Amino acid sequence: MASREKEDALPLSNRDDEHVQGHWLLARLGKRVLRPGGIELTRTLLARAEVADADVLELAPGLGRTATEIIARGPRSYLGAEADPDAANMVRGVVAGHGDVKVTDAAETGLPDASADVVIGEAMLTMQGDAAKHAIVAEAARVLRPGGRYAIHELALTPDDIPEEITTDVRQSLARSIKVNARPLTIAEWSALLAGHGLVVDHVAKAPMALLQPRRVISDEGLLGALRFAKNVLTQPDARKRVLGMRATFRKHRDRLTAVAIIAQKPAQAA
């Protein structure tokens, strides 16, 4: 997610630390990898999606961290579809000379049918209600060429037969903590969502949901980046309270949450 623009240019930066959405709070504090499975699961996703020499569309690229990884792999073209104009400007700085970003909704990109080889979406479907999830996946399927790949990296509930009352408790806890009505699905439900739009799941990978654990922060941000993030958390009391609250929520539900990367292919011959 990021060009090196000022942190006060981040979307929603006018919201105070108590009310801003959790991912933007973390970004404001210097956290650049905001994916539930960390940078390693993102790299696994991109390797399986085969972005090299492909026309790539990234939905909701945020600060551009994954865009950097995509560009490094040499796609034929890169286009981001980002609804927030400030975030779009940041990602344009990341991909300058290698791609572009369009300010548009992920569920209605305005792109031609069959115009992308790969569609990437990370940590964004989780934040949508059921109708929006279906609309975004339908749009991804529409813009993919036959044989193209849709690659998602999302938060998942586990196991697949998790009781409904526990699902509700986890979702409500996440919503209170991160200030977003997060609605993660089980891995079986994520796969069914993709299959329901004519996509064939051909790879699934998992990683622990350890976004705010020190070892993961160092792995994702590097030692200096992790130290900067820690310093910002320690010196900003309101932000520290929110971050500790988010970490406590993730730890409380760690046996019920996992990160998942799924690659699904659009059949080469339409049904």
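Just the heavy atoms: all of them, side chains too, but no hydrogens, waters or symmetry mates, feed the values below. Just so you know, these numbers come straight off a predicted model, no measurement behind them.
- Heavy-atom minimum distance, I70 versus E58: CD1-OE1, 3.9 Å.
- Between Y150 and I263 there is no side-chain heavy-atom pair separated by less than 4.5 Å.
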Check against side chain to side chain contact (heavy atoms under 4.5 Å, CB included), K31 and V33: CA-CA 6 Å; K31 187 86 172 67; V33 177; 4.0 Å; yes
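- Across P36 and A259, no two heavy atoms sit closer than the pair C-CB, 3.6 Å.
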I162/R256 under side chain to side chain contact (heavy atoms under 4.5 Å, CB included): CA gap, chis, key distance, verdict: CA-CA 8 Å; I162 184 171; R256 302 301 186 186; 3.9 Å; yes
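- Among all heavy-atom pairs drawn from H23 and V180, the shortest one is CE1-CG2, 4.2 Å.
- Taking OG1 of T249 as the start and CZ of R176 as the end, the distance is 8.0 Å to the nearest 0.5 Å.
- A continuous path of ILVMFWY side-chain contacts below 4.5 Å connects V260 to L59, so both sit in one hydrophobic cluster.
- With contacts defined as side-chain heavy-atom distances shorter than 4.5 Å, the pair R28/V20 qualifies.
- The CD atom of E221 sits 7.5 Å away from the CZ atom of F229 when rounded to the nearest 0.5 Å.
- To the nearest 0.5 Å, atom CG of residue L46 and atom CZ of residue R48 are 13.0 Å apart.
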CA sep, side-chain torsions, deciding dist, call: R92, D100, salt bridge (charged side-chain N to carboxylate O under 4.0 Å, His left out): CA-CA 6 Å; R92 287 190 189 106; D100 198 7; 3.7 Å; yes
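- At a threshold of 4.5 Å between non-hydrogen side-chain atoms, the residues D169 and E165 do not count as touching.
- The shortest distance between side-chain heavy atoms of V51 and Y78 does not fall below 4.5 Å.
- Remark: the backbone N or O of H153 is not paired with any side-chain donor or acceptor of R35 at under 3.5 angstrom.
- The side-chain heavy atoms of Q265 and L199, taken from C-beta on, include no pair separated by under 4.5 Å.
- The two residues K252 and S173 make their nearest non-hydrogen contact at NZ-OG, 4.4 Å.
- Side chains of N181 and M127 form no contact here, defined as non-hydrogen atoms less than 4.5 Å apart.
- Closest non-hydrogen pair, L57 versus A116, comes out as CB-CB, 4.3 Å.
- Residues Q236 and L29 have side chains in contact (heavy-atom distance under 4.5 Å, counting atoms from C-beta outward).
- We find the NE2-CG distance between H253 and L155 to be 11.0 Å, quoted to the nearest 0.5 Å.
- Distance alone, capped at 3.5 Å, is enough to place a donor-acceptor pair between the S115 side chain and the P112 backbone.
- With hydrogens and angles disregarded, a donor-acceptor distance shorter than 3.5 Å links the side chain of R149 to the backbone of A49.
- With rounding to the nearest 0.5 angstrom, the CG atom of L257 is 11.5 Å from the CG atom of L211.
- What you find for P184 and L157 is that their closest heavy atoms are O-CD1, 3.3 Å.
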Residue pair E82, K102: steps toward the salt bridge (charged side-chain N to carboxylate O under 4.0 Å, His left out) verdict: CA-CA 6 Å; E82 173 58 60; K102 180 179 181 180; over 6 Å; no
CA sep, side-chain torsions, deciding dist, call: D117, R76, salt bridge (charged side-chain N to carboxylate O under 4.0 Å, His left out): CA-CA 10 Å; D117 298 307; R76 183 184 305 113; 3.0 Å; yes
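- Side-chain atoms of D113 and V143, non-hydrogen and from C-beta on, never get closer than 4.5 Å to each other.
- In the hydrophobic cluster analysis, where Ile, Leu, Val, Met, Phe, Trp and Tyr join through side-chain heavy atoms closer than 4.5 angstrom, V101 is grouped apart from L111.
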CA sep, side-chain torsions, deciding dist, call: T109, E139, side-chain hydrogen bond (donor to acceptor under 3.5 Å, both in side chains): CA-CA 8 Å; T109 63; E139 180 70 352; 2.7 Å; yes
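- Expressed to the nearest 0.5 Å, how far OG1 of T66 lies from CD1 of I120 amounts to 8.0 Å.
- Side-chain heavy atoms closer than 4.5 Å link hydrophobic residues (I, L, V, M, F, W, Y) into clusters, and following such links, even through other members, never connects W190 to L41.
- Side chain of D160 to backbone of A188: a donor-acceptor contact under 3.5 angstrom is found.
- Panel note: side chain R73, backbone E69; a donor-acceptor pair is recorded below 3.5 Å.
- Put simply, the side chain of D220 gets close to the backbone of I39: a donor and an acceptor are under 3.5 Å apart.
- Follow the hydrophobic side-chain contacts under 4.5 Å out from V94 and you reach L45 in the same cluster.
- Test E154, K206, M209 against T258 for side chain to side chain contact (heavy atoms under 4.5 Å, CB included) and you get one pass: K206.
- Within the 3.5 Å criterion, the main-chain N or O of P208 finds a donor-acceptor partner in the side chain of R216.
- Without hydrogens or angle criteria, K266 side chain to G147 main chain gives no donor-acceptor distance under 3.5 Å.
- There is a path of hydrophobic side-chain contacts, each under 4.5 Å, that joins V137 to I262.
- Under the 3.5 Å distance criterion, with hydrogens and angles disregarded, a donor-acceptor pair is assigned to the side chains of E122 and T42.
- Surrounding CZ of R171 are more than 12 heavy atoms belonging to other residues, nucleotides or ligands, all under 6.0 Å away.
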